[in-house]
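Note sheet for the following structure.
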Amino acid sequence: MAQPAVTAPGDEKSDRPPVPGLVDRFGRVATDLRVSLTDRCNLRCGYCMPAEGLVWLPKESVLTDDEVVRLIGIAVTRLGVTEIRFTGGEPLLRPGLVDIVTRVARLEPRPQLSLTTNGIGLDRLAPALRAAGLDRVNVSLDTLRPDRFVALARRDRLDAVLAGLHAADAAGLRPVKLNAVLMRGVNDDEAPELLDFALRHGYELRFIEQMPLDAQHAWRRDAMVTADEILAQLRAVYTLEPDPRHRGAAPAETWLVQGHSTSDGRPARVGVIASVTQPFCGACDRTRLTADGQVRNCLFAQEETDLRGLLRSGADDETIAEAWRGAMWAKRAGHGIDDPTFLQPVRPMSAIGG
Ligand code: SAM
Ligand code: SF4
């Protein structure tokens, strides 16, 4: 795989204010860190990977557990990060996951810890992850029909995903959130069915517009199922009311589902992440670390900052923190998908960490 451009640490220092946090030129402050623990996966979702998979990162370039914990420690103790989301690839494939969660949960101030997963293996791991300090999970579930699951993910694993979901809920990794991507001609009519499933089980469902982050570069805007289409499908069956809760930096716009509540009596909600048709870049509070130790200031960034090189050359924590600040200062105002000059990032979603 071609590698993205790597910036030298401190490139963007000149006009940056001397504050400890991860600020950028547009007044945003990143407090939510997405950590990719592996680029590998046991599914092959069509919007993410080709059927044959990808050339995985060589083992020696992937951060060790100690390196991951050290970088997260720098983010939490020096850079003001308050939320950590473990992702991938498929993070449950990372052998040291439970140990990493245990060590990160001991950091002070303790960050909120969540995991985005396809759910396979969660039936076995959920109790240990909960005991280690994980607060909650997002499980990706695009369809409830086994034949469609095979068409979407190219593996016959729907039962394993559902078992994982139930185990996460039983272990108290709540609220369990579901992420669903609709693909034209495959599951584009399934929004109400997925919401019915989520409401019956007390899960919070969010639909995500398909983004140009597939390794095959096959995304086409005119084929994408839009937020408006998803909402129209839902409104044909449910009454949705605007959510009075303040959205803040949350990527999902949420609605209350009239007449439905969660098992603990809160109003039931459904969300849509309209990254393409209604970008929310102005409120973005994210910073990203890839499995091979590169900081990305945006999913769609063309540049990365190499923290692994710094780590392995013996840099101290403040030098690494300063490189991270420089990376975030260079964040662009928006992803520019609608711009004629838009270029899809070199790395696909599975290698960036979704
Ligand atoms: N393997 C885990 C999973 O599937 O949940 C974690 C990594 S996956 C890259 C994270 C999230 O990104 C999933 O919810 C997936 O549906 C979403 N995703 C992947 N490719 C996408 C794309 N091209 N557009 C929108 N969402 C995408
Ligand atoms: Fe794997 Fe997640 Fe990508 Fe699907 S979306 S192929 S489960 S990394």
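For the single chain, residues carry numbers from 1 onward in sequence order. All ligand and atom numbering here is 1-based and tracks the order in the structure.
- For the 3.5 Å distance criterion, the side chains of N138 and R136 qualify, holding a donor opposite an acceptor.
- Panel note: side chain E253, backbone I273; no donor-acceptor pair is recorded below 3.5 Å.
- Interface atoms of ligand 1 facing Q210, defined by a heavy-atom separation under 4.0 Å, are 24 (N), 25 (C).
- Remark: ligand 1 and I208 share no N or O pair separated by less than 3.5 Å (distance only, no angle test).
- The distance from ligand 2 to the heavy atoms of N118 drops below 4.0 Å at these ligand atoms: 7 (S).
- Set against the non-hydrogen atoms of N118, the atoms of ligand 1 under 4.0 Å away are 2 (C), 3 (C), 5 (O).
- Side-chain N or O atoms of N187 include none that pairs as donor or acceptor with a backbone N or O of T143 at under 3.5 Å.
- Backbone or side-chain N, O or S atoms of C48 do not reach atom 4 (Fe) of ligand 2 at under 2.8 Å.
- Here the protein heavy atom with the shortest distance to atom 13 (C) of ligand 1 is S140 OG, 3.2 Å.
- Side chains of R85 and T116: a donor on one and an acceptor on the other come within 3.5 Å.
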(request) Output, in order, the C-alpha distance, side-chain angles, deciding distance and verdict of side chain to side chain contact (heavy atoms under 4.5 Å, CB included) for V161 and I120. (result) CA-CA 5 Å; V161 175; I120 298 171; 3.9 Å; yes
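- Looking only at heavy atoms of the protein, atom 8 (S) of ligand 1 is closest to G88 O, 4.4 Å.
- Neither the backbone nor the side chain of L43 comes within 4.0 Å of ligand 1, counting heavy atoms alone.
- Residues P244 and L256 form a side-chain contact, since some pair of their non-hydrogen atoms from C-beta on lies under 4.5 Å apart.
- Of all protein heavy atoms, the one lying nearest to atom 11 (C) of ligand 1 is T116 CG2, 4.3 Å.
- With ligand atoms numbered from 1 in the order given, ligand 1 contributes 1 (N), 2 (C) to contacts under 4.0 Å with heavy atoms of E90.
- Looking only at protein heavy atoms, the nearest one to atom 1 (Fe) of ligand 2 is C41 SG, 2.2 Å.
- Salt-bridge formation is detected for the pair E322/R325: a Lys NZ or Arg NE/NH1/NH2 atom is positioned less than 4.0 Å from an Asp or Glu carboxylate oxygen.
- When hydrogens are left out, the protein atom nearest atom 17 (C) of ligand 1 is M349 CE, 3.9 Å; that is the closest non-hydrogen contact.
- Ligand-side atoms of ligand 1 in range of N179: 14 (O), range being under 4.0 angstrom from any heavy atom.
- The atoms of ligand 1 that sit less than 4.0 Å from any heavy atom of T117 are 2 (C), 3 (C), 5 (O).
- With respect to atom 20 (N) of ligand 1, the closest heavy atom belonging to the protein is Y47 CD1, 3.3 Å.
- With distances taken over non-hydrogen atoms, the option nearest atom 1 (N) of ligand 1 out of P91, S275, G89 is G89.
- Salt bridge status for D142 with R148: absent, with no side-chain N to carboxylate O gap under 4.0 Å.
- A parallel orientation is assigned to the rings of Y203 and H201, their planes being inclined by less than 30° (bins at 30° and 60°).
- Summary of contacts: the protein heavy atom closest to atom 24 (N) of ligand 1 is M211 N, 2.8 Å.
- When each atom of ligand 1 is checked for a heavy atom of T87 under 4.0 Å away, the hits are 6 (C), 7 (C).
- For the pair I84 and V76, the minimum side-chain heavy-atom distance is below 4.5 Å.
- No side-chain heavy atom of I72 sits under 4.5 Å from any side-chain heavy atom of R103.
- Annotation: ring pair (Phe, Tyr, Trp, His ring centres under 6.0 Å) contacts of F300 (sequence neighbours excluded): H335, F342.
- The proximity of V181 to ligand 1, defined as any non-hydrogen pair under 4.0 Å, is limited to the side chain.
- In C45, the parts holding a heavy atom less than 4.0 Å from any atom of ligand 2 are both the side chain and the backbone.
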